[in-house]
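Keep in mind that this is a model prediction, so the values were computed, not measured. Chain A is the first sequence line, chain B the second, and so forth, proteins listed ahead of strands; every chain is numbered from 1.
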Amino acid sequence: MIRLALRNLMRRRLRTIFTIAGIAIGTMAYVGIVALADGMREQSQRLVDHLSTDITVTRAGTPVPWMAWIAPEELEPLKSLPGVRSVSSVVVGTTRAGARDLFIVFGADSREPIVQGLTITSGQALRAGRNQMLVGVTGAKQLEVVPGDRLEIAGTELEVAGIFETGRGVLDASAVVDLPVAGALFGGQGRVNMAFINVDDGDAVTPTMNTIRRRYPRLEATPSELFASRLAYVEIITGYARAFAMLALLVAGVMVANTAGMNVNERRQEIALLRSIGWRRRRIAALIAGETALMLLCGGLLAIPLAAMSLRMVDSGDAAWIVPASLGIGHIVESLALALVLGLLFAGIPIVQALRRPPADALRTL
Amino acid sequence: MNGLRLSCSGLTRSFEGGLVPVLRGVSFEVESGERVAVVGRTGCGKSTLLSILALLDRPDSGELRFDDTPWQSIDSPEAWRACGVGIVFQLHHLLLHLTAAENLELPLIGSAGTHDRRQRVDAMLDRLGLVHRRNTLAAKLSGGERQLTAVGRALIGEPRLLLADEPTGSVDSTTSKRVLALLADETRRRRATLVMVTHDLDLARQLDRVMPMVDGQIRASMESL
């Protein structure tokens, strides 16, 4: 049967190639878009994970935490809550830098573990009170800077003190500056975008969050391990991305149906002949569905390297912060399964129509 | 295994919502292993009758039995054909993108294993005298070779009932003789029933019985032709 299906596909080589190409592009779009959407969540979470904190504090009700400010006096009382060991403040700013249209700059107190924990691969650590910056290894490569160079960030010239590497895509593509410097760069005037709390022991996380919510309703406390999944903007973007990705797959499905329709229509007499020599409708449907499945499989498999290539292209650009660490097997399996289900569903319509016709009708016209 | 016994009575079939009556009460019987020819002019309803006998089409009314089984009792006409009916069409209807062997193999797919299929295909190619054309695409076979392959395809499932619609209508006289000899020999050897539709009276007379068909009815006398 598989041999027969292959022979049938080879009979209309050009149509088969175009259909496979269409499926590959549709699947690639699905895999790519979904991977990027998930990558955004993944990278945000990896960033927070890197900081090894227990609770993340943001402005309540804001879908994008780094677009809202929190005043220092709002954070000050948190330090004296029972069970709280430390509270670190962070400013997150985006700016244009060199060839990068979107460059993320994190501001944190240079004496805090968040900054002290960074592995400096060349140059030296940040010194408080200086207009200095640490640049991630990816960012340094893209901006072509080395320690000692000067770089203009948001209209201010900063000295590159060192290069760090964390293995976290979003951090390595960004820069870190001292908190007061970040405040000056992005107009925070002492305010911050987020704060991270470490508690004395794991059991204190929930009571501490409950206390913050109760006493300080203008602040939102989230367990750091769930930070990315609670980001409303990520959910919105992910939702839209999945919808568009599904649309791409639907277009591929319609194309498969069109090809199957043309194939079935042109093969009405062949189908009638197969029925006349004793082929059951089930078997004929399986043959045509098998041909469709083979095209879908080829297109799906072709989509994997295409999606990986397209993500690699994005990875080296401004959008590196949303690129997942790797093209997950889940995305591939999901897209292949969806393409298969959609394709067979669409192709099923012309197949069923063709098999309903009495074979004598088609054979009479021979 | 003996051939199927056919009996039909008062078969009618019309098209275009009844405006074009083609079969107008066809009645006849064919004994098991008998080889009969239905002879008539173009448009008299021969092919429609054959389609109904093959259950490729349904009669509007009348009775049709295979042995003692009414046609309505046959749940799956495809399965029924697979188990004992071979059809030869006027045109070969081979799948041109497949080889001669692959075309012969088609009726066996699903009912026989790969090894068995290969053996039966080779034996049939030998009987057809087409061993040397085994792997030739049907598109590259001559007209006669195509029709012989089509006959082989109908015979390879060892049918109890063989239905042939003008099997020699599109081949030269030499091939015509080979086709007829093949059909006659194979049905005699297996005691299969043969119903052949033709407009060629000389060809029809080589079978056991000739049934003239005129205006959608089987007549008793040849004079009506």
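When heavy atoms are compared at a cutoff of 4.5 Å, B/L95 approaches chain A solely by way of its side chain, counted from C-beta outward. With a 4.5 angstrom heavy-atom cutoff, B/E102 touches chain A only via side-chain atoms. Of the atoms belonging to B/A79, heavy atoms from both backbone and side chain fall under 4.5 Å from chain A. For chain B, the nearby part of A/R283 is the side chain; its heavy atoms alone come within less than 4.5 Å. Proximity to chain A is limited to the side chain of B/I87, based on heavy atoms less than 4.5 angstrom apart. For B/R58, no part lies near chain A; criterion is any non-hydrogen pair under 4.5 Å. Looking at A/R275, both its backbone and its side chain come within 4.5 Å of chain B, counting heavy atoms on both sides. Contacts of B/T99 with chain A are made by both backbone and side-chain atoms, with heavy-atom separations under 4.5 Å.
The line from NE2 of B/H93 to CG of A/L274 is 12.0 Å long, rounded to the nearest 0.5 Å. Atom NE2 of B/H97 sits about 3.5 Å away from atom CG of A/N8, to the nearest 0.5 Å. Between the OG atom of A/S276 and the CG atom of B/L55 there is a distance of 12.0 Å, given to the nearest 0.5 Å.
More than 12 heavy-atom neighbours from other residues, nucleotides or ligands sit within 6.0 angstrom of NE2 on B/H132. The local environment of CD in B/E16 is sparse, with at most 12 non-hydrogen atoms from other residues, nucleotides or ligands closer than 6.0 Å.
Remark: the backbone N or O of B/A82 is not paired with any side-chain donor or acceptor of A/W279 at under 3.5 angstrom.
Between A/R7 and B/L98, the shortest heavy-atom contact is NH2-CA, 3.8 Å.
Heavy-atom pairs under 4.5 Å with chain B peak, among A/R3, A/R11, A/R280, A/M10, at A/R11. The candidate from B/P159, B/G110, B/S76 with the greatest count of non-hydrogen atom pairs under 4.5 Å with chain A is B/G110.
Within the 4.5 Å cutoff, the side chain of A/L273 has heavy atoms near those of the B/R153 side chain.
Between B/E78 and A/R282 there is no salt bridge, since no side-chain nitrogen of the basic residue lies less than 4.0 Å from a carboxylate oxygen of the acidic one.
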